[in-house]
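The structure appears below as structure tokens.
Numbering of residues begins at 1 and proceeds along the displayed sequence. Read the numbers this way: they start at 1 and go in the same order the structure lists the ligands and their atoms.
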Amino acid sequence: MITLGIETSCDETSCAILENGNKIRSNIISSSLAKHQPFGGVVPEIASRHSLQAIHAVYKTSLSEAKVQSNDIGLIAVTQGPGLVGSLLVGVSFAKSLAFALDCPIIGVHHLEAHLAANFILRKKPKKPFIGLIVSGGHTSLVLVKGSSYEELGATVDDAIGEAYDKTAKILDLGYPGGPVIDRLAQEGNPKAYFFTKPKVDGKFNFSFSGIKTAILHLVKGANGNQKRSPWKGKKLKDLCASFQFAVTSWIIEKTLNACEEKGINTIVVGGGVSANSRLRKVLEQECHLRGYEFFIPPLSLTLDNGAMIARLGYERYRKGFRSNLSLIANPSLTFVKNSR
Ligand code: KG4
Ligand code: ZN
């Protein structure tokens with residue numbers, strides 16, 4: 001079966017063609033990143049306008065690269081939420097129009113669930129239950145995936161981990177997005193140079209990342225006085241990035257392993273943009289290896305928002321009997337639990 005996956009929840013516009021749930025024939029991504037850079041973060045109106053302008057060409061390219069015709073499409077999967085409402089509306093409206101024109105089934109899927117599903121395109125899906133760790137620019141959640149239900153064990157009480165990377169990078173004048181650049185600098189710095197206190201949060205599997213950003217702001221302001229630009233450069237900057245990265249990834253890893261231990265689970269599945277992080281990938285894999293746990297993390301090409309993960313989740317759910325129809329609506333705050341059965 002040929003599944004078209006459409007993703008427009010934030011600043012990426014993506015269409016992918018997936019064959020039988022495990023062969024990516026194309027995965028085209030148009031990013032509006034450069035247009036947001038002057039503002040130091042995603043501007044929702046710019047993101048939705050970009051999607052509107054890009055989606056038709058992205059769709060056409062996904063077909064031609066995959067060497068399929070529109071009539072070959074057997075299922076259309078689209079991100080229903082969560083995300084930016086304007087961007088979501090573009091994808092959902094495009095998907096519904098196409099489903100109507102092609103007389104083809106349509107299914108709306110949950111963006112975060114799809115980040116986990118990205119793992120199962122190229123590798124056999126693990127037996128449930130497993131612990132899902134979702135780390136992205138907008139979300140940080142630990143979920144227990146059991147049968148076909150999702151139990152959220154914990155989530156961030158303030159900033160998402162990707163947001164903490166992005167805001168810290170802004171304080172340090174490193175541009176947007178902050179994750180890749182901090183990760184790169186961190187690899188050349190001393191992770192023990194600065195110590196950041198582990199935040200105390202209610203709920204043992206909840207996270208908090210706003211305190212570390214404020215601590216860094218104070219550190220930098222202390223050295224910076226009233227100057228606008230951060231004077232931190234060279235080794236000092238690399239050490240700060242390494243110490244920040246060491247702290248936030250250690251907190252995440254510790255809670256994920258604690259969740260496995262407490263729930264008696266020995267499989268971890270990670271998804272979301274921050275799953276590209278070098279330390280998170282390396283250390284979590286080592287820890288899983290030591291404990292004999294199965295560990296899933298997507299290849300780098302599938303860590304950021306993409307249509308292939310949407311197509312994969314849509315395909316799985318379609319085979320389980322789920323269907324949407326043309327009354328499907330974008331839901332910017334779609335919850336995990338309600339969307340699953
Ligand atoms: O999943 P995603 O593409 O978008 C959302 O659904 O939010 O994630 C984007 C986030 C950004 O915050 C970006 O800074 C972060 O992923 N990111 C990273 C790395 N690469 C991207 N964070 C840490 N280390 C990285 N290597
Ligand atoms: Zn995402």
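- In terms of protein heavy-atom proximity, atom 15 (C) of ligand 1 is nearest to Val274 CG2, 3.9 Å.
- Applying the 4.0 Å criterion to heavy atoms of Pro177 picks out, from ligand 1, the atoms 14 (O).
- At the top of the distance list for atom 2 (P) of ligand 1, counting protein heavy atoms only, stands Asp305 OD1, 3.5 Å.
- Put simply, the residue from Asp166, Thr168, Asp159, Asp158 that forms a side chain to side chain donor-acceptor pair (under 3.5 Å) with Lys213 is Asp159.
- Near Asn277, meaning under 4.0 Å from any of its heavy atoms, are these atoms of ligand 1: 23 (C), 24 (N), 25 (C), 26 (N).
- Protein heavy atom in closest approach to atom 18 (C) of ligand 1: Gly179 CA, 3.4 Å.
- When each of Val78, Leu334, Ile310 is paired with Val109, the side-chain contact (heavy atoms from CB on, under 4.5 Å) condition holds for Ile310 and for no other.
- At least one side-chain heavy atom of Pro129 sits under 4.5 Å from a side-chain heavy atom of Leu144.
- Between Gln80 and Leu328 the shortest side-chain heavy-atom distance falls below 4.5 Å.
- Contact record, Phe296 with Lys124: CE2-O, 3.4 Å, taken as the closest heavy-atom pair.
- Annotation: Asp166 places an N or O atom under 3.5 Å from an N or O atom of ligand 1; distance criterion only.
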Go through it in stages, so that I can follow the logic: the residues are Leu174 and Cys241, the test is side-chain contact (heavy atoms from CB on, under 4.5 Å), and I'd like the CA-CA distance, side-chain angles, deciding distance and then a yes or no.
CA-CA 11 Å; Leu174 294 174; Cys241 290; 4.2 Å; yes
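- Salt bridge annotation for Glu285-Arg281: absent, with no cationic side-chain nitrogen under 4.0 angstrom from a carboxylate oxygen.
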Could you walk me through whether His111 and Leu88 pass the side-chain contact (heavy atoms from CB on, under 4.5 Å) test, one step at a time? CA-CA 10 Å; His111 180 80; Leu88 288 169; over 6 Å; no
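- Within a radius of less than 2.8 Å around the Zn ion (ligand 2), the protein N, O or S atoms are His111 NE2, His115 NE2, Asp305 OD1.
- Between Gly138 and ligand 1, an N or O atom pair is found at a separation short of 3.5 Å.
- Between Tyr293 atom OH and Phe130 atom CZ the span is 15.5 Å, to the nearest 0.5 Å.
- Aromatic pair Phe246/Phe196: centroids not less than 6.0 angstrom apart.
- Which parts of ligand 1 touch Gly162 is read off a 4.0 Å heavy-atom cut-off, strictly below it: atoms 12 (O).
- One finds the OH atom of Tyr59 at 11.0 Å from the OG atom of Ser26 (value rounded to the nearest 0.5 Å).
- Atom 9 (C) of ligand 1 has as its closest protein heavy atom Gly137 N, 3.8 Å.
- Annotation: Thr303 places no N or O atom under 3.5 Å from an N or O atom of ligand 1; distance criterion only.
- Using a 4.0 Å heavy-atom cutoff, His139 is absent from the residues neighbouring ligand 1.
- Residue contacts with ligand 1 include His115, since one of its heavy atoms falls under 4.0 Å from the ligand.
- Of the candidates Ser31, Ala118, Gly273, Cys10, Gly273 brings a heavy atom nearest to atom 17 (N) of ligand 1.
- Of the inter-residue distances, the one linking Leu116 atom CG with His110 atom NE2 reads 10.0 Å to the nearest 0.5 angstrom.
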Open item on the list: Pair Tyr194, Ile216 - check side-chain contact (heavy atoms from CB on, under 4.5 Å), show working.
Closed with: CA-CA 10 Å; Tyr194 300 92; Ile216 289 179; over 6 Å; no
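- Within the 4.0 Å heavy-atom criterion, the part of Asp183 lying near ligand 1 is the side chain and not the backbone.
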